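The block underneath contains the structure these notes are about, expressed in structure tokens.
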2 protein chains.
Amino acid sequence: MINLKALKEQALQNPEVKAEYDRLAPEFELANTLITMRQQAGLTQDELAKRLHTQKSNISRLERGDSNPGWKTLQRYAKACGFELSVQAQRHKTAV
Amino acid sequence: MINLKALKEQALQNPEVKAEYDRLAPEFELANTLITMRQQAGLTQDELAKRLHTQKSNISRLERGDSNPGWKTLQRYAKACGFELSVQAQRHKTAV
DNA sequence: CCTAAAGTTATCACTTATGATAACCTGAAT
DNA sequence: ATTCAGGTTATCATAAGTGATAACTTTAGG
């Protein structure tokens, strides 16, 4: 099992990628994960779309980060890229 | 930052909890995470619902696991429980 | 410049999630 | 047996995600 995080950090060695990454707010963490997974799979939006029996425009919409995709949608996306998703919960600063 | 995973494993020391947990398919991992977060926050469904300006029936629906909640919905839920969510991607068995 | 691949945006129809209300079930305590 | 807190289920209206098609922009190569 290779962690996506490791792959991402490797990609961040690239200054260009790093700059792009830093610019993105945590709001886009999910979108970044999606894009990274697809790129790691070596797929274009169109190819991924075909695997998911949908259209490249819909893939683009997911990766733009301006929507609120369902959990199962994300899982399908990940699986088509050769990944599996899980949620991780960490305590927030403000406890009860 | 205390990891939810640690808390969960602690809870799984309890044989009762463990048995219940093993019975649940990965399909319900998300639902388990939601319920665990709420319980760690010491909240009832009704109390959590009030924090999210919604109704306890809607909380129940999320925790039943038979729907496909949006990512931002999950984040709001987690935050109201004092947690923050992140996605984790791991390589699936079947690569490209 | 021209072309093609890759990605984006706009739009529509359809499906589904969410907000909301109410009734119901369960277990615990008295 | 009653009561009550906690959770579930049913249902409806509304908001939003998704499937689908088409046109557009951008980039890379020739």
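Values in this document were obtained by computation on a predicted structure and should not be read as measured data. Convention: sequence-line order gives letters A, B, ...; per-chain numbering from 1.
Note on A/Glu47 versus A/Arg38: no salt bridge recorded, every NZ/NE/NH1/NH2 to OD/OE distance being 4.0 Å or above.
Among the heavy atoms of the strands, none lies under 4.0 Å from A/Arg76. Counting any heavy atom pair closer than 4.0 Å across all strands shown, B/Arg64 reaches sugar-phosphate atoms only and no base atom. Within 4.0 Å of B/Ser57, counting heavy atoms only, lies at least one base atom of the nucleic acid. Using a 4.0 Å heavy-atom distance criterion, B/Ser60 is classed as a base contact. The residue A/Leu62 sits close only to the backbone: its heavy atoms come under 4.0 Å of sugar-phosphate atoms, none of a base.
Considering all non-hydrogen atoms of both residues, A/Gly65 and B/Lys72 come closest at O-NZ, 4.4 Å.
Judged purely by distance below 3.5 Å, without hydrogens or angles, the side chains of B/Asn58 and B/Gln55 pair a donor atom with an acceptor atom.
Between the side chain of A/Arg61 and the base of C/dG7, no donor-acceptor pair of N or O atoms lies under 3.5 Å. A donor and an acceptor atom sit less than 3.5 Å apart, one in the side chain of A/Asn58 and one in the base of D/dA20.
Place B/Pro69 and B/Lys56 on DNA chain C by their nearest nucleotides, and B/Pro69 ends up nearer the 5' end. DNA chain D is contacted by both B/Thr44 and B/Asn68; B/Thr44 maps to the nucleotide lying nearer its 5′ end (nearest heavy atom per residue).
The side chain of B/Gln55 contributes an N or O atom lying less than 4.0 Å from OP1 or OP2 of C/dA20. Residue B/Thr54 places at least one side-chain N or O closer than 4.0 Å to OP1 or OP2 of C/dG19.
With a 4.5 Å cut-off on side-chain heavy atoms, A/Trp71 and A/Val87 count as touching.
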